[in-house]
Amino acid sequence: MFLVDLHTHTSYGSACGYMTPDELARRAKFIGLHGVCITDHNHIWDGEMIRRLSSDHEITVIGGAEVTTEYGDVLVFGLHRPVRDVSRIEDLKVMVDAEGGVMVAAHPFRGEFSFVNVPPAMGEIRQRPLFGFLDGLEVCNGLSGQKEREFAARVAAELGLADTGGSDAHAVLGIGRCFTVFEQPIGSEEDLIQSIKERRCRGALWNGALLRK
Ligand SMILES: [Zn+2]
Ligand SMILES: [Zn+2]
């Protein structure tokens with residue numbers, strides 16, 4: 001099993017990030033993750049910097065992005081063109097498909113499981129346009145509660161989407177709170193994309209113990 005935090009933010013690409021990419025990679029390695037994806041908001045990574053982080057810290061580092069769309073935040077992997085001017089999910093999907101990448105809805109039910117809200121029904125979920133554009137669903141997000149995670153897992157299974165997890169950490173201590181368990185080793189962006197396309201992964205919540213010796 002190969003453990004990757006699929007959703008993190010750094011001060012390099014996100015104004016709201018409180019850690020540098022080096023601090024992120026160092027901490028991810030320390031707690032025992034095998035890999036980490038940096039998904040700053042609407043920011044596309046320079047491949048050279050990602051390769052440098054991977055080799056300096058001896059951990060798989062992958063540069064993705066969290067793109068703001070009219071249907072919510074979407075994590076994209078495999079996209080290397082700027083997305084600053086892209087906000088329609090349809091346009092994003094065309095770009096991602098052209099490069100053979102994948103799209104995963106970030107925290108798809110955030111805010112829908114508060115005490116005052118009636119939880120969404122599966123029939124209504126199927127009608128949501130967002131789900132027609134995706135390869136995966138972030139079932140486990142560092143800020144999501146148990147009910148939200150259980151519901152997202154059901155939706156991912158019913159819709160046949162990859163089940164992923166990511167901490168959404170903006171600072172060092174949040175890293176790894178949620179992560180994705182892959183069946184295959186992930187050594188590159190291509191490996192990650194293939195495993196998500198084949199749905200060979202699942203989101204998990206970290207219990208705080210070191211993840212490997
Ligand atoms: Zn987000
Ligand atoms: Zn995020």
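No experiment lies behind these values; they were computed from the predicted model shown. Atoms within each ligand, like the ligands themselves, are counted from 1 in listed order. The chain is numbered in sequence order, starting from 1.
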Student: Confirm or rule out an N/O/S atom of H170, from backbone or side chain, lying less than 2.8 Å from the Zn ion (ligand 2).
Tutor: no
Student: Any side-chain donor paired with an acceptor under 3.5 Å for E189 and H80?
Tutor: yes
Student: Using only heavy-atom distances, determine whether the side chains of E190 and Q194 contain a donor-acceptor pair under 3.5 Å.
Tutor: no
Student: Measuring only between side-chain heavy atoms, which start at C-beta, is Y12 closer than 4.5 Å to T20?
Tutor: no
Student: Quick one: angle E66 OE2 - the Zn ion (ligand 1) - D73 OD2, to the nearest 10°?
Tutor: 90°
Student: May I ask you to check if any N/O/S atom from H9 comes under 2.8 Å of the Zn ion (ligand 2)?
Tutor: yes
Student: If you look at H107, which of its N/O/S atoms is nearest to the Zn ion (ligand 1)?
Tutor: NE2
Student: For R51 and E48: C-alpha separation, side-chain torsions, deciding distance, then whether salt bridge (charged side-chain N to carboxylate O under 4.0 Å, His left out) applies.
Tutor: CA-CA 5 Å; R51 277 188 290 280; E48 199 46 54; 3.1 Å; yes
Student: For the Zn ion (ligand 2), find the closest N/O/S atom on H7 and give its atom name.
Tutor: NE2
Student: Please work out whether the ring planes of F151 and F113 are parallel, tilted or perpendicular, with thresholds of 30° and 60°.
Tutor: tilted
Student: Of all the N, O or S atoms in D168, which one sits nearest to the Zn ion (ligand 2)?
Tutor: OD1
